[in-house]
Trainee: 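Submitted below is the structure of interest, expressed as structure tokens.
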Amino acid sequence: MDYILQVTTHLLQGCILTLQLYVVTLLFALPLAIFCALGRVSGPKALDRVLGFYGWIFRGTPLLLQLFFFYYGLTIFGISLSPFLAASLTFVLNYGAYFMEIFRGGIESIDSGQYEAAKALNMNYWQTMRRIILPQAVRVVLPPTTNEAITLVKDTALVVVIGMGELLRSAKEIFTRDFSLTPFAVAAILYLLMTSVVIRFFRYLERRMAYYD
């Protein structure tokens, strides 16, 4: 029992980095995705093409490769980022691209009658989006957003390739030292706890948004 407590204490330190990266990614990727989705839906064609290219690049290449590029590749251009900044930038842009397409689909699923009703009420573009379209679109996109949010918890383990000491790396270090599978079992439980919290949070949001049904 003492060994499990000792392992858990050590893994929780790695868990802090995992949570920090997770929170930073969601805080920046979601607003980025909403503005990019609005740009694709309502902006000029040139902007739509630029944002489409952005989505194509970040959804069409492995996250691991993007992580290598921002941490190692930018040094070729004289730009050196700390591991956490490189990881944050990579995850925000990568998940922003996925969320952008999810939100674009959600906005385009809203019936055109909603726009006409807003126009009849003399609402401008931003009032229509903020008060009518986006609240309904958010309800539509919550299930796929939940899936991406769960995937993000597990994808944070990829930062081990640029030397960051997150949860899985901490478990591997203890395994190498003690030749015991216990740290991996504890790490699995911690991942399950984190994903459970994410699922419950998004289910709470779905219940809150249910009044649009």
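Numbering starts at 1 and runs along the sequence shown.
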Trainee: Please collect all side-chain hydrogen bond (donor to acceptor under 3.5 Å, both in side chains) contacts where either partner lies in residues 179-197, sequence neighbours excluded, each pair once.
Mentor: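 Every pair satisfying side-chain hydrogen bond (donor to acceptor under 3.5 Å, both in side chains) with a residue in residues 179-197: Glu166-Tyr191, Ser180-Thr182.
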Trainee: Judged by atom type as modelled, is there a donor-acceptor pair below 3.5 Å linking the side chain of Gln66 to the main-chain atoms of Thr61?
Mentor: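 It does hold such a pair.
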Trainee: Report the residues that fulfil ring-ring contact (aromatic ring centres under 6.0 Å, His included) with Phe68, sequence neighbours left out, ordered by chain and then residue number.
Mentor: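 Listed in chain order: Tyr72.
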Trainee: Any side-chain hydrogen bond (donor to acceptor under 3.5 Å, both in side chains) pairs touching residues 37-56, not counting sequence neighbours?
Mentor: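 Residue pairs with at least one partner in residues 37-56: Arg40-Asp48, Arg40-Glu101, Ser42-Tyr125.
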Trainee: Mind checking whether Leu27 and Leu17 sit in one hydrophobic cluster, side chains of I, L, V, M, F, W, Y counted as touching below 4.5 Å?
Mentor: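 Both belong to a single hydrophobic cluster.
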Trainee: Please name all residues satisfying ring-ring contact (aromatic ring centres under 6.0 Å, His included) with Phe184, sequence neighbours left out, ordered by chain then number.
Mentor: Phe175
Trainee: Quick check: closest heavy atoms across Leu47 and Gly39, and the distance to 0.1 Å?
Mentor: CD2-CA, 3.9 Å
Trainee: Under the ring-ring contact (aromatic ring centres under 6.0 Å, His included) rule, collect the residues that match up with Tyr115, sequence neighbours excluded.
Mentor: none
Trainee: Between Ser170 and Gln13, is there a side-chain donor-acceptor contact under 3.5 Å, judged purely by atom types and distance?
Mentor: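 No, Ser170 and Gln13 have no side-chain donor paired with an acceptor closer than 3.5 Å.
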Trainee: Check side chain to side chain contact (heavy atoms under 4.5 Å, CB included) between Ile199 and all other residues, then give those that pass, not counting sequence neighbours.
Mentor: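 Ile199 satisfies side chain to side chain contact (heavy atoms under 4.5 Å, CB included) with Ile150, Arg203 only.
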Trainee: According to side chain to side chain contact (heavy atoms under 4.5 Å, CB included), who are the partners of Gln127, at least two apart in sequence or on a separate chain?
Mentor: Met123, Asn124, Arg131
Trainee: Which residues pass the side chain to side chain contact (heavy atoms under 4.5 Å, CB included) test with Arg130, sequence neighbours left out?
Mentor: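 For Arg130 there are no side chain to side chain contact (heavy atoms under 4.5 Å, CB included) partners, ignoring immediate neighbours.
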Trainee: Could you tell me which residues satisfy side chain to side chain contact (heavy atoms under 4.5 Å, CB included) with Tyr22, sequence neighbours excluded, listed by chain and number?
Mentor: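 For Tyr22, the residues satisfying side chain to side chain contact (heavy atoms under 4.5 Å, CB included) (neighbours in sequence not counted) are Leu26, Ala149, Leu152, Val153, Val198.
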Trainee: Treat each ILVMFWY residue as a node, draw an edge where side-chain heavy atoms are under 4.5 Å apart, and state whether Phe70 and Val24 are in one component.
Mentor: yes
Trainee: Does any pair with a residue in residues 141-159 pass side-chain hydrogen bond (donor to acceptor under 3.5 Å, both in side chains), and if so which ones, sequence neighbours excluded?
Mentor: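 Listed once each, the pairs are Tyr95-Asp155.
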Trainee: Compare every heavy atom of Ala37 with every heavy atom of Ile107, then report the nearest pair and how far apart it is.
Mentor: CD1-CB, 4.2 Å
Trainee: Verify side-chain contact (heavy atoms from CB on, under 4.5 Å) between Ile57 and Phe53, making sure each step is shown before the conclusion.
Mentor: CA-CA 6 Å; Ile57 290 292; Phe53 181 75; 3.9 Å; yes
Trainee: Hey, which of Leu167, Val159, Val23 is the one that makes side chain to side chain contact (heavy atoms under 4.5 Å, CB included) with Thr18?
Mentor: Leu167
Trainee: Walk me through whether Leu193 and Ile189 qualify under side-chain contact (heavy atoms from CB on, under 4.5 Å).
Mentor: CA-CA 6 Å; Leu193 287 174; Ile189 292 172; 4.2 Å; yes
Trainee: Hey, quick one: are Leu67 and Tyr98 part of the same hydrophobic cluster, counting side-chain heavy atoms closer than 4.5 Å, chains of contacts allowed?
Mentor: no
Trainee: So do the side chains of Gln136 and Ile132 get within less than 4.5 Å of each other, counting heavy atoms only?
Mentor: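 Yes. Closest side-chain heavy atoms under 4.5 Å.
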Trainee: Taking all non-hydrogen atoms of both residues into account, name the closest pair between Gly106 and Val140 and its distance.
Mentor: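 In this case the closest contact between Gly106 and Val140 is CA-CG1, 4.2 Å.
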Trainee: To check you understand the geometry: which heavy-atom pair defines the closest contact between Gly55 and Met100, and what is its length?
Mentor: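 Result for this residue pair: CA-CE, 3.9 Å.
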Trainee: I'd like to check Val41 versus Phe103 (side-chain heavy atoms, cut-off strictly below 4.5 Å). Are they in contact?
Mentor: no
Trainee: Looking at every heavy atom in both Pro144 and Ile102, which two are closest together, and how far apart are they?
Mentor: CG-CG2, 3.8 Å
Trainee: Going by the side-chain hydrogen bond (donor to acceptor under 3.5 Å, both in side chains) test, which pairs reach into residues 82-93, not counting sequence neighbours?
Mentor: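 Applying side-chain hydrogen bond (donor to acceptor under 3.5 Å, both in side chains) to every pair that reaches into residues 82-93, excluding sequence neighbours, yields nothing.
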Trainee: Mind checking whether Ile174 and Leu11 have side chains closer than 4.5 Å, heavy atoms only?
Mentor: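 Touching, per the 4.5 Å side-chain cut-off.
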Trainee: Which pairs pass salt bridge (charged side-chain N to carboxylate O under 4.0 Å, His left out) with one or both residues in residues 51-66, sequence neighbours excluded?
Mentor: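 Every candidate salt bridge (charged side-chain N to carboxylate O under 4.0 Å, His left out) pair involving residues 51-66 fails, so no pair, neighbours aside, qualifies.
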Trainee: Could Glu173 and Arg177 be called an ion pair, given the rule that one side-chain N must be under 4.0 Å from one carboxylate O?
Mentor: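 Arg177 and Glu173: not salt-bridged.
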Trainee: With a 4.5 Å cut-off on side-chain heavy-atom distances among I, L, V, M, F, W and Y, is there a chain of contacts connecting Ile162 to Val160?
Mentor: yes
Trainee: Would a hydrophobic clustering, with Ile, Leu, Val, Met, Phe, Trp and Tyr connected at side-chain separations under 4.5 Å, put Leu85 with Phe77?
Mentor: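 Linked, Leu85 and Phe77 end up in one cluster.
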